[in-house]
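One structure is given below, encoded as structure tokens.
Just so we're on the same page: letters track the sequence lines, and every chain starts at 1. Keep in mind that this is a model prediction, so the values were computed, not measured.
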Amino acid sequence: MKPFYLTTPIYYVNDAPHIGHAYTTVAGDVLTRWHRQRGEDVFFLTGTDEHGEKVMRAAEKNNVSPQKWCDDLVESAWKPTWSALNIANDDFIRTTEPRHEERVQKFLTGLKDAGHIYLGKYEGPYCVGCEEFKLPGDLIDGNCTTHSRPCEILSEENWFFKLSAFVPAIIKHYEENPAACEPASARNEVLAFLKGEVSDLSISRSTFDWGIPVPWDTKQVIYVWFDALLNYATAVGLTDDPTSEGGKKFAKYWPADVHLVGKDILRFHAVIWPAMLMAAGLPLPGKVFAHGWLLVGGEKMSKSKLTGIAPKDITDTFGVDAFRYYFLRAIPFGSDGSFSWEDMAARYTSELANDFGNLASRLIAMIEKYCGGVIPAVAQSPELSEALAKTVVEADAAIVALDFQTGINSIMDFCKKVNGYVTLTEPWKVAKDESRTVELNEILYNIAEAIRALAVLMHPIMPATCEVLWSSLGADKTLGTIAAQKISEVATWGQLPAGSQVVKGAVLFPRLESANEA
RNA sequence: GAGGGGGUAGCUCAGUUGGUUAGAGCCCCGGACUCAUAAUCCGGUCGUCGUGGGUUCGAGCCCCACCCUCCUCACCA
């Protein structure tokens, strides 16, 4: 079976990451962790996009070289953010790395040799003050908005990619494979665009030099998007000799199963990227999934405006796992969703502290109090085990389809059901009657077993917390690591062995101090 | 401007091919319980379903008009 290969966008390093970037990356991490627990071989790629005019300008502003600017930001901001969020990526690619640049050049040369690249003229409004080409949308009455003076229509010689030649094939691809671009609203927009007029793409720039040189015309650099998109393939060995290590890796992992993207960059991934691959005769990715925006106060988070919230602002209060949980639980993954501190606090308290964390606390306390801290004999509750089986089927189907909300929902429904079981069976009352010890033990075993399953199911979403819960059940000593637990087997009842030593630890999700009311 | 979503309880949202008293979670109120992070469980209050017309025996779901809001309309990561 082909390994499951998922990518996030490579993020543009003109600033530090905000929660919008983290949203995408966490989603990718949860999905790949889930696939790993299904027993699949997984490759999870993220990275940074470091070429282009904006990075160059940002570096100039700070009086450093573009390369140093990128190095600093990657090491001080991007990588630390991902490790703080417990992101388990298998690779981190930077577009300034030789492994990327060399392969991009080889790929481009290949396209040229195959006749897909030609020399053409790019013509557009050019502002002498800015020394750059403008987009029609950037102009007001033909004037540059920064210099308030008319632009000249200039043209420069650029290398063009015959994008238009692939349009019919791409349309056919999406019509025959609806799953290749999701959600449906995104696919419709892409198809609407494709059925309009699509012209060829200028893939080189000569007005600045921070980029990968066009191999046969080194006065020009490769257009940043053309460069950036290729990261998904260069990271796994694109263009390497099939017998080499890189070539074997490419054969093993390509094509990617899922490209996760924000809807702002959908078109690059759903139109340009497949055309590039078709031109090279390579298989297309299984799915491009465009998720929605995180809205803050009704407006979209912006990297250029200062509405960006750093993940740390949230994790300092709620913790990393609550951060990972919240966005996937609260927002349907293809839709926009508003972030608010109030909603986050409400969900944290109700769902994580009260429903999930407290369930663990009540079980551990009772096992300690009534069973001497040891898991009692294996028993089975048909009610709970059947509910669990149903939960696993639902959650697995939903999460594999990137419907995180439905998946987490069904897991949390099961959690609520277990709380109901505890209240209904009233083990604290049964414990007062010495003739009912067997019944008491059965009840407590069933709760423990249900929580064992909850820990496994929640592990991809909240790894650190679930590992703590796992070891407090004593399961690490008897069942192995939580990461090794298979989704396909999690519903098999009776796995937690009798005699496991339960350890009471810190509360999983401490109640929030009511200090931050304002 | 053109095309496409959406406007349903205080909040976030579900609502199949039109059909009896419009649902869920959260919040709030009441009860039960005490193993637990004053947590849990049960019950309850709350809605002119954006506005105005129309079709129909019957419309949140269909049609028309209008208002509001979000998105797309290419090379801006």
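In this structure, A:N446 CG and A:L384 CG are separated by 6.0 Å, a value rounded to the nearest 0.5 Å.
Rounded to whole Å, atom C1' of B:C71 lies 15 Å from atom NE2 of A:H291. The interatomic distance linking A:E426 (CD) with B:C33 (P) rounds to 9 Å, in whole Å. Rounding to whole angstrom units, NZ of residue A:K263 and P of B:U72 are separated by 6 Å. Rounded to an integer number of Å, the gap from CD of A:E342 to C1' of B:G10 is 14 Å. Counting to the nearest Å, the P atom of B:C73 and the CG atom of A:L266 are 10 Å from each other. To the nearest angstrom, P of B:U72 lies 9 Å from CG of A:D264. In this structure, the CG atom of A:D336 is 14 Å from the P atom of B:G7, given to the nearest Å.
At B:C73, one or more side-chain N or O atoms of A:R267 fall inside 4.0 Å of OP1 or OP2 (strictly under the cut-off). Here A:R329 does not reach the OP1 or OP2 of B:U12: none of its side-chain N or O atoms lies under 4.0 Å away.
Within 4.0 Å of A:E351, counting heavy atoms only, lies no atom of the nucleic acid at all. In this structure, A:V13 reaches neither bases nor backbone, as no heavy-atom distance under 4.0 Å exists between it and the strands shown.
For the pair A:K79 and A:F92, the cation-pi test (distance below 6.0 Å, angle within 45°) is passed. Within the cation-pi definition used here (under 6.0 Å to the ring centroid, within 45° of the axis), A:R329 does not qualify as a partner of A:F404.
Pairs of residues two or more places apart, or lying in two chains, that qualify as salt bridge (Lys or Arg N to Asp or Glu O under 4.0 Å) and include a residue from residues 438-451 of chain A are A:R436-A:E439, A:E449-A:R452. For the salt bridge (Lys or Arg N to Asp or Glu O under 4.0 Å) condition, no pair includes a residue of residues 353-377 of chain A, sequence neighbours left out.
Using a 4.0 Å cut-off between a side-chain N of Lys or Arg and a carboxylate O of Asp or Glu, A:R94 and A:D49 do not qualify as a salt bridge.
Nucleotides B:C63 and B:U17 are separated by 13 Å at their P atoms, to the nearest Å. Of the P atoms belonging to B:G58 and B:G18, the separation is 15 Å, rounded to the nearest Å. Atom name C1', nucleotides B:G25 and B:U20: the rounded distance is 26 Å, in whole Å. Rounded to the nearest Å, the gap between the P atom of B:G1 and that of B:U56 is 33 Å.
For A:F323 and A:Y23, the gap between ring centers reaches or exceeds 6.0 Å.
Looking at RNA chain B, the stems built from 3 or more consecutive Watson-Crick or G-U wobble pairs, each pair with its key distances under 3.5 Å, are B:1-7 with B:67-73, B:10-13 with B:23-26, B:28-32 with B:40-44, B:50-54 with B:62-66.
Nearest-nucleotide positions on RNA chain B for A:K432 and A:F160 put A:K432 closer to the 5' end.
Not one N or O on the side chain of A:S410 forms a donor-acceptor pair closer than 3.5 Å with the backbone of A:E394.
For A:E182, the salt bridge (charged side-chain N to carboxylate O under 4.0 Å, His left out) criterion is met by A:K287, not counting sequence neighbours.
No donor-acceptor contact under 3.5 angstrom links the side chains of A:W78 and A:H21, judged on distance only.
Near RNA chain B, defined here as any heavy-atom distance below 4.0 Å, the residues from residues 182-194 of chain A are A:E189, A:F193, listed numerically.
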(request) Check the pair A:F161 / A:F166 against ring pair (Phe, Tyr, Trp, His ring centres under 6.0 Å), numbers first and verdict last. (result) CA-CA 10 Å; A:F161 168 56; A:F166 300 95; 5.8 Å; yes
(request) Would you mind building the protein contact string for nucleotides 37-43 of chain B? One character per nucleotide, 5' to 3', B for base within reach (heavy atoms under 4.0 Å), S for sugar-phosphate only, - for untouched. (result) B-SSS--
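For the pair A:E351 and A:F356, the minimum side-chain heavy-atom distance is 4.5 Å or more.
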